[in-house]
There are 2 protein chains.
Amino acid sequence: MSPKKAATGPSVPGAVWLRQRPPRRGQHGLTRERIAAEVVSQLDHGGPAGLNLRSIAAALDVHPTTLYWHVSARDDLLDFAVDAVFAELPLPTRPADDWIEDVRAFMHNLRAALLAHPWSGALASSRPLLGPEALARSEFVYAALARAGFTGDELTASAAAVSNLVIGSVAAETSWQHGDESPARRAVHEHLRANAETYPAMAELSTESGHWGAQFSYSADLLLAGLAQKAPINVTSHGATTQAPQIM
Amino acid sequence: MSPKKAATGPSVPGAVWLRQRPPRRGQHGLTRERIAAEVVSQLDHGGPAGLNLRSIAAALDVHPTTLYWHVSARDDLLDFAVDAVFAELPLPTRPADDWIEDVRAFMHNLRAALLAHPWSGALASSRPLLGPEALARSEFVYAALARAGFTGDELTASAAAVSNLVIGSVAAETSWQHGDESPARRAVHEHLRANAETYPAMAELSTESGHWGAQFSYSADLLLAGLAQKAPINVTSHGATTQAPQIM
DNA sequence: ACCTGAACACCGTTCAAGT
DNA sequence: ACCTGAACACCGTTCAAGT
């Protein structure tokens with residue numbers, strides 16, 4: 001049985017991070033970090049469907065059941081893996097002059113990190129992101145948006161919108177990538193054309209859609225435009241700041 | 001073996017919809033609709049983790065392996081279930097005067113439908129949404145955004161932003177709902193406070209966060225503000241329209 | 001065309017026991 | 001405190017056979 005399991009109540013997702021960390025360096029020197037790295041590597045190879053405790057344990061040279069000393073369930077391993085992906089996100093040591101550039105960079109960096117591990121988008125969207133690496137990135141976004149003058153619930157909602165749009169977009173994008181993407185896209189396109197009466201607007205385009213990257217960029221710009229407009233503090237192009245009252 | 005499996009190539013996710021539909025009414029009258037309804041009902045009870053082919057088959061009064069005539073894998077069942085949830089989304093028979101009200105209503109309606117089946121947000125974010133019901137809703141959003149003057153890749157990106165923000169937000173929201181939510185929130189809050197030096201901006205708030213609904217509403221408004229600003233055709237409050245050139 | 005029935009390989013998790 | 005070892009219950013999927 002894993003230590004301090006009852007500390008946060010019954011099986012809250014993401015709860016590994018809230019439990020006490022088991023002491024390091026046992027006989028095999030099995031640590032969260034080594035486990036996490038192995039899980040990431042196996043997910044990179046076979047995706048979530050291919051992940052199983054037995055092969056992880058084998059790679060770490062322990063018995064399958066040994067893992068249960070470090071985690072309370074398979075799901076905790078996925079929490080480790082997702083946080084490890086967040087660790088790859090570059091974190092600027094000091095903020096940019098314009099808060100919006102920090103937010104924009106965060107969005108693009110987060111997308112890049114998640115895309116580097118195609119399984120991570122879907123996982124990140126389906127669990128609370130409470131690992132230390134994820135929290136540090138959230139803190140960065142909160143700080144940037146706080147400089148824009150957002151406070152309280154508006155600050156929370158703005159930060160959530162930023163993360164959710166990115167994670168949602170990457171999850172959608174990677175959901176196409178299980179096999180070859182082009183035959184799937186072509187099949188969908190044909191399907192829409194064949195039913196052009198039911199889907200007139202969609203049948204019209206999608207002929208040769210642009211790249212995922214450009215479309216994400218435009219999606220992000222839409223949200224950034226909204227943030228800039230609703231920000232209580234606006235930075236003019238000359239660096240002067242103006243205050244505007246704002247109601248939620 | 002399921003019919004026409006090779007039609008769209010090797011195991012593309014969401015590919016059930018692109019395969020030919022097996023003829024209806026066999027000996028047991030097993031149809032996609034009956035299967036889908038049963039899957040939704042079982043997911044509502046036990047979530048994705050509790051879903052298994054044997055109990056679905058039992059409820060439909062067939063042998064477990066019979067399902068493989070109608071689907072090629074367990075995953076296809078989830079595609080059925082997600083599309084069934086989209087079917088609950090009200091689809092206006094005629095568009096509103098203002099396109100933005102159509103988009104706003106869509107966002108709130110989609111959230112409501114997904115929240116009614118807490119498992120559906122995570123599933124919707126992790127697979128292409130190619131079912132007939134989902135496509136019909138996408139068409140509605142495309143049509144609304146086309147009235148705003150969006151075309152081509154900008155239209156695609158705008159529509160994607162709308163869906164991805166909603167689905168991403170609901171997935172995040174429901175990821176907290178596995179057990180009781182309040183103890184988890186409290187634990188996170190304590191954790192942030194305890195590490196206030198590392199998370200100054202986040203430690204400051206989160207004391208008593210507002211409701212999910214209000215925060216989603218604000219998130220949606222941020223994106224809607226961006227859409228309104230970037231829309232090639234702007235509707236003034238008096239109903240007059242103006243055109244503005246726009247570059248992606 | 002649709003469904004049955006038996007069988008296979010696998011996998012998360014438990015629990016008591018070791019050191 | 002950390003790891004072993006055996007064992008359990010379950011589950012997706014296959015394939016050949018029925019009607």
Side-chain angles (χ1 to χ4, degrees), chain A residues 1-6 10-11 13 15-16 19-35 38-39 42-43 45-81 178, chain B residues 1-6 10-11 13 15-16 19-35 38-39 42-43 45-81 178:
Chain A
M1 176 106 95
S2 180
K4 311 288 159 49
K5 182 173 186 173
S11 76
V16 231
R19 280 195 294 272
Q20 195 115 51
R21 194 192 178 94
R24 338 199 161 193
R25 312 245 113 236
Q27 182 173 329
H28 277 82
L30 211 53
T31 62
R32 283 194 174 180
E33 288 72 23
R34 285 190 56 214
I35 297 175
E38 186 55 38
V39 173
Q42 299 216 9
L43 283 170
H45 271 86
L51 189 78
N52 71 83
L53 297 176
R54 281 172 169 84
S55 72
I56 294 166
L60 293 169
D61 205 34
V62 292
H63 276 237
T65 54
T66 303
L67 293 169
Y68 282 86
W69 180 258
H70 299 267
V71 298
S72 77
R74 184 193 122 109
D75 223 46
D76 291 347
L77 296 175
L78 303 178
D79 281 321
F80 287 169
H178 288 219
Chain B
M1 176 109 93
S2 180
K4 313 286 159 50
K5 182 173 188 175
S11 75
V16 231
R19 279 195 294 272
Q20 195 116 51
R21 192 192 179 94
R24 340 201 158 188
R25 313 245 112 237
Q27 182 172 329
H28 276 80
L30 212 52
T31 61
R32 284 194 172 179
E33 289 72 22
R34 283 190 58 214
I35 297 176
E38 186 55 40
V39 173
Q42 299 215 9
L43 284 169
H45 270 87
L51 190 79
N52 70 83
L53 298 177
R54 282 172 168 84
S55 73
I56 294 166
L60 293 169
D61 205 35
V62 291
H63 277 237
T65 54
T66 303
L67 292 170
Y68 281 86
W69 179 257
H70 299 267
V71 298
S72 77
R74 183 194 122 109
D75 224 44
D76 291 347
L77 296 175
L78 303 179
D79 281 321
F80 286 169
H178 288 219

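Throughout, a chain's letter reflects where its sequence line sits, starting with A, and its residues are numbered from 1. Predicted model, so just to flag it, every value in this text is computed and none were measured.
- The distance from atom CG of D61(A) to atom P of dG5(D) is 12 Å, rounded to the nearest whole Å.
- Smallest separation of non-hydrogen atoms from L43(B) and A81(B): CD1-CB, 3.7 Å.
- Under the side chain to side chain donor-acceptor pair (under 3.5 Å) criterion, E38(A) pairs with Q42(A), sequence neighbours left out.
- Rounded to whole Å, atom P of dT14(C) lies 13 Å from atom CZ of R54(A).
- Of the two residues contacting DNA chain C, namely P64(B) and N52(A), the nearest-nucleotide position lying further toward the 5' end is that of P64(B).
- Between the side chain of R19(B) and the backbone N or O of V71(B) there is no donor-acceptor pair closer than 3.5 Å.
- For H63(B), the side-chain atoms get nearest to dT4(C) when compared with the rest of dT4(C), dC3(D), dG5(D).
- Separating the OH atom of Y68(B) from the C1' atom of dT4(C) is a distance of 15 Å, rounded to the nearest angstrom.
- Contact record, L53(B) with R74(B): CD2-CG, 4.3 Å, taken as the closest heavy-atom pair.
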Checklist entry - Taking only Watson-Crick and G-U wobble pairs with both distances under 3.5 Å, what dot-bracket line describes DNA chain C, where [ ] shows pairs that cross earlier ones and | shows pairs with another strand? => result ||.|||||...|||||.||
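- In this structure, the CG atom of L67(B) is 11 Å from the P atom of dT13(D), given to the nearest Å.
- When the P atom of dC3(C) is taken as reference, atom CG of L53(B) falls 15 Å away, rounded to whole Å.
- The shortest side-chain heavy-atom distance between L60(B) and L67(B) falls under the 4.5 Å cut-off.
- Residue-level contact check: L51(A) touches the backbone only, with heavy atoms under 4.0 Å from sugar-phosphate atoms and none from bases.
- With a 4.5 Å cut-off on side-chain heavy atoms, D76(B) and H70(B) do not count as touching.
- When the side-chain nitrogen and oxygen atoms of T65(B) are compared with OP1 and OP2 of dT4(C), none of them lie within a distance under 4.0 Å.
- Every residue two or more places apart in sequence or in another chain that forms a side chain to side chain contact (heavy atoms under 4.5 Å, CB included) with T66(A) is listed here: L30(A), V62(A), H63(A).
- Contact annotation: the side chain of R32(B) approaches that of V16(B) to within less than 4.5 Å [non-hydrogen atoms, C-beta and beyond].
- Contact between the side-chain N/O atoms of W69(B) and the OP1/OP2 oxygens of dC2(C) is found at a separation under 4.0 Å.
- Look at CG on L60(A): it is 11 Å from P on dT4(D), rounded to the nearest Å.
- For D79(B), the side chain to side chain donor-acceptor pair (under 3.5 Å) partners are R127(B), not counting sequence neighbours.
- Residues from residues 73-81 of chain A placing a heavy atom under 4.0 Å of any atom in DNA chain C, listed by number, are A73(A), R74(A).
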